[in-house]
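Let me begin by presenting the structure, written as structure tokens, before commenting on it.
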Amino acid sequence: MTDHVSIEGLRYAWAAAQTHSFTAAARAYGVTQPALSNGIAKLEQQLGGKLFERTTQGAAPTAFGRQMLPMIERALDELDAIAAEAQRLTQPIDRSIRMGVSPLIDPKLVAQMYSMVCNLPESHELVLREADMQELREALSAGKLDVILIPAVASMPRFAHRIISREPVAIVTSRAMQGKANDSAAGGSKIDEVKSEENATEFEAEANASFILVPDTCGLTTFTKQLFASHKHPMNAYPGEAASYQVLEQWASMGLGVAILPVSKLSDPKAQHRMLQDNGQDVMISYEAVWNPQSPLARDIELLASQIVVAEPQHESLALSARL
């Protein structure tokens, strides 16, 4: 064992332990998978033992790793505390809250956050930035953002998370396709009996359709893929790709395929759509606030996140787990 242990390697190892995957850990830190693997391999050489075994299901701690990883977590907590305290003592706190927002977030939720920032005990200025999820995650990791609002579809190790809102998702189809679905409902299958309302449809009734997707950057495509994975059902993806939610809706209305959209992203509440359900429960997408718990603004951000009431519908709903 050498005298100097790589702090970067410690962070990579803890991220891999949290995500159970070198690939997911690399994505969380905004580095390539080979770079993360090399960092962990260097740490293992420094420690004199192997921390992980690579399996077909991801990365699993070895017996040595199970002993070392709790110590690694404590060491990283102390290092982060040192950095936060040094910043508090040597730098004036910028009272602005830099908030990153995914394009998928409902503008009403952003407006609610703005109102709450104005009512915090200490005066703050809210500085907003909209960007794709990867860019937001990298900016948060680099300290360029204080909090991000994103779909809860992927973990970020060592960051604080709180679900702040949920909303139902709708499936958009052409009028012709919806007409066929309604005709099928008249046939009286067991699934369609559950679907008592004309504006609702079961996932299993739509799962074999061709699904139009947007680029996998905002979280919607990840959510859609996770929905299929949770049902162990292969997804039939349309070969093209829409550049925006509006185009996604237009193409689905044309009959090129079907599309899944949060209700808040429909161009018009009267647009051709049906609520997507799973065994009679509305399928929901969750949104979360993510921030660095060691940030000087962490208490204010946690207060903001805790004050937002998760809007629960009055009927039963099913939220897809984001912690895969």
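Hydrogens, waters and symmetry mates play no part in the numbers below; they use all other heavy atoms, side chains included. Not measured: the values here are computed from a predicted model.
- The side chain to side chain contact (heavy atoms under 4.5 Å, CB included) test with Tyr287 is passed by exactly one of Ile105, Val101, Ile163: Ile105.
- For the pair Leu43 and Gly9, the tightest heavy-atom approach, listed with the atom from each and the gap, is CD2-O, 3.4 Å.
- Counting only distance, with no hydrogens or angles, the side chain of Glu206 and the backbone of Thr201 share no donor-acceptor pair below 3.5 Å.
- Between Phe228 and Phe203, the gap from one ring centroid to the other is short of 6.0 Å.
- Nearest heavy atom pair, residue Glu202 against residue Asn279, reads OE1-N, 2.7 Å.
- Evaluation of the salt bridge (Lys or Arg N to Asp or Glu O under 4.0 Å) rule for Asp300 yields Arg95 as partners, not counting sequence neighbours.
- Put simply, the side chain of Ser306 gets close to the backbone of Leu303: a donor and an acceptor are under 3.5 Å apart.
- Two residues are said to be in side-chain contact when any heavy atoms from C-beta on lie closer than 4.5 Å; Leu136 and Val290 fail this criterion.
- Among all heavy-atom pairs drawn from Pro262 and Leu104, the shortest one is CG-CD1, 3.9 Å.
- From Ile148, atom CD1 reaches atom CZ of Phe159 across 8.0 Å, with rounding to the nearest 0.5 Å.
- Proximity of Val283 to Ile260: side-chain heavy atoms (C-beta onward) are nowhere separated by under 4.5 Å.
- Under a 3.5 Å cut-off, the side chain of Ser102 and the backbone N or O of Met133 do not form any donor-acceptor pair.
- When side chains are defined from C-beta on, Asp216 counts as touching Thr222, because their heavy atoms get closer than 4.5 Å.
- The closest side-chain heavy-atom distance from Leu220 to Pro151 is not below 4.5 Å.
- For the atom pair CD1 (Ile164) and OG (Ser286), the distance works out to 10.5 Å, reported to the nearest 0.5 Å.
- Between atom OG of residue Ser253 and atom NE2 of residue His273 there is a gap of 11.0 Å, rounded to the nearest 0.5 Å.
- Formation of a donor-acceptor pair under 3.5 Å by the His233 side chain with backbone atoms of Glu204 is not found in this model.
- Here the side chains of Phe223 and Val169 are in contact, with some heavy-atom distance below 4.5 Å.
- Between Leu248 and Lys265 the shortest side-chain heavy-atom distance does not fall below 4.5 Å.
- For the atom pair OH (Tyr245) and CD (Gln250), the distance works out to 15.0 Å, reported to the nearest 0.5 Å.
- For the atom pair Lys108 NZ and Ser264 OG, the distance stands at 8.5 Å (nearest 0.5 Å).
- Annotation: side chain of Glu302 is in contact with side chain of Arg162 (closest heavy-atom distance under 4.5 Å).
- The side-chain hydrogen bond (donor to acceptor under 3.5 Å, both in side chains) check on Ser6 picks up nothing, with sequence neighbours excluded.
- Closest approach of Ala24 and Thr19 over heavy atoms only: CB-CB, 3.8 Å.
- Listed by chain and number, the residues in a side-chain hydrogen bond (donor to acceptor under 3.5 Å, both in side chains) with Glu241 amount to none (sequence neighbours excluded).
- Atom CD1 of residue Ile171 and atom CZ of residue Phe211 lie 4.0 Å apart, to the nearest 0.5 angstrom.
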Does the pair Val147 and Leu304 meet the rule for a side-chain contact (heavy atoms from CB on, under 4.5 Å), with working shown? CA-CA 10 Å; Val147 58; Leu304 281 176; over 6 Å; no
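- Using a 4.5 Å cut-off between side-chain heavy atoms of Ile, Leu, Val, Met, Phe, Trp and Tyr, with links allowed through other members, Val127 and Leu297 fall into different hydrophobic clusters.
- Judged as a side chain to side chain donor-acceptor pair (under 3.5 Å), the pairs with a partner in residues 21-36 (not counting sequence neighbours) are, in order, Gln33-Ser37.
- The side chain to side chain donor-acceptor pair (under 3.5 Å) analysis of residues 135-150, with sequence neighbours excluded, yields the pairs Arg98-Asp146, Arg129-Glu135, Gln134-Glu138.
- Between the side chain of Gln307 and the main chain of Met116, no donor-acceptor pair closer than 3.5 Å is present.
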side-chain contact (heavy atoms from CB on, under 4.5 Å), that's the test. Do Met113 and Val110 meet it? Break it down for me. CA-CA 5 Å; Met113 289 291 280; Val110 179; 5.6 Å; no
Given the rule in the side-chain contact (heavy atoms from CB on, under 4.5 Å) test, do Met99 and Ile301 qualify, once you have shown the distances and angles that lead to the verdict? CA-CA 10 Å; Met99 180 181 294; Ile301 295 171; over 6 Å; no
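- The shortest non-hydrogen separation linking Ile40 to Ala16 is CD1-CB, 4.0 Å.
- Side-chain atoms of Glu288 never come within 3.5 Å of backbone atoms of Ile150 as a donor-acceptor pair (strictly under, hydrogens ignored).
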Let me see the working for Lys42 and Glu8 under side-chain contact (heavy atoms from CB on, under 4.5 Å), right down to the final yes or no. CA-CA 10 Å; Lys42 180 179 178 182; Glu8 183 179 71; over 6 Å; no
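- Among all heavy-atom pairs drawn from Pro215 and Thr221, the shortest one is O-OG1, 4.0 Å.
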Check residues 62-82 and write down every donor-acceptor pair under 3.5 Å in which the side-chain atom is one partner and the other belongs to a residue at least two apart or another chain.
from  : atom 1 : to     : atom 2 : distance (Å)
Thr62 : OG1    : Lys50  : O      : 2.5
Thr62 : OG1    : Leu51  : O      : 3.4
Thr62 : OG1    : Phe64  : N      : 3.4
Thr62 : OG1    : Gly65  : N      : 3.0
Arg66 : NH1    : Pro61  : O      : 3.2
Asp77 : OD1    : Arg158 : NH2    : 3.0
Asp80 : OD1    : Arg11  : NH1    : 3.3
Asp80 : OD1    : Arg11  : NH2    : 2.7
Asp80 : OD2    : Arg158 : NH2    : 2.8

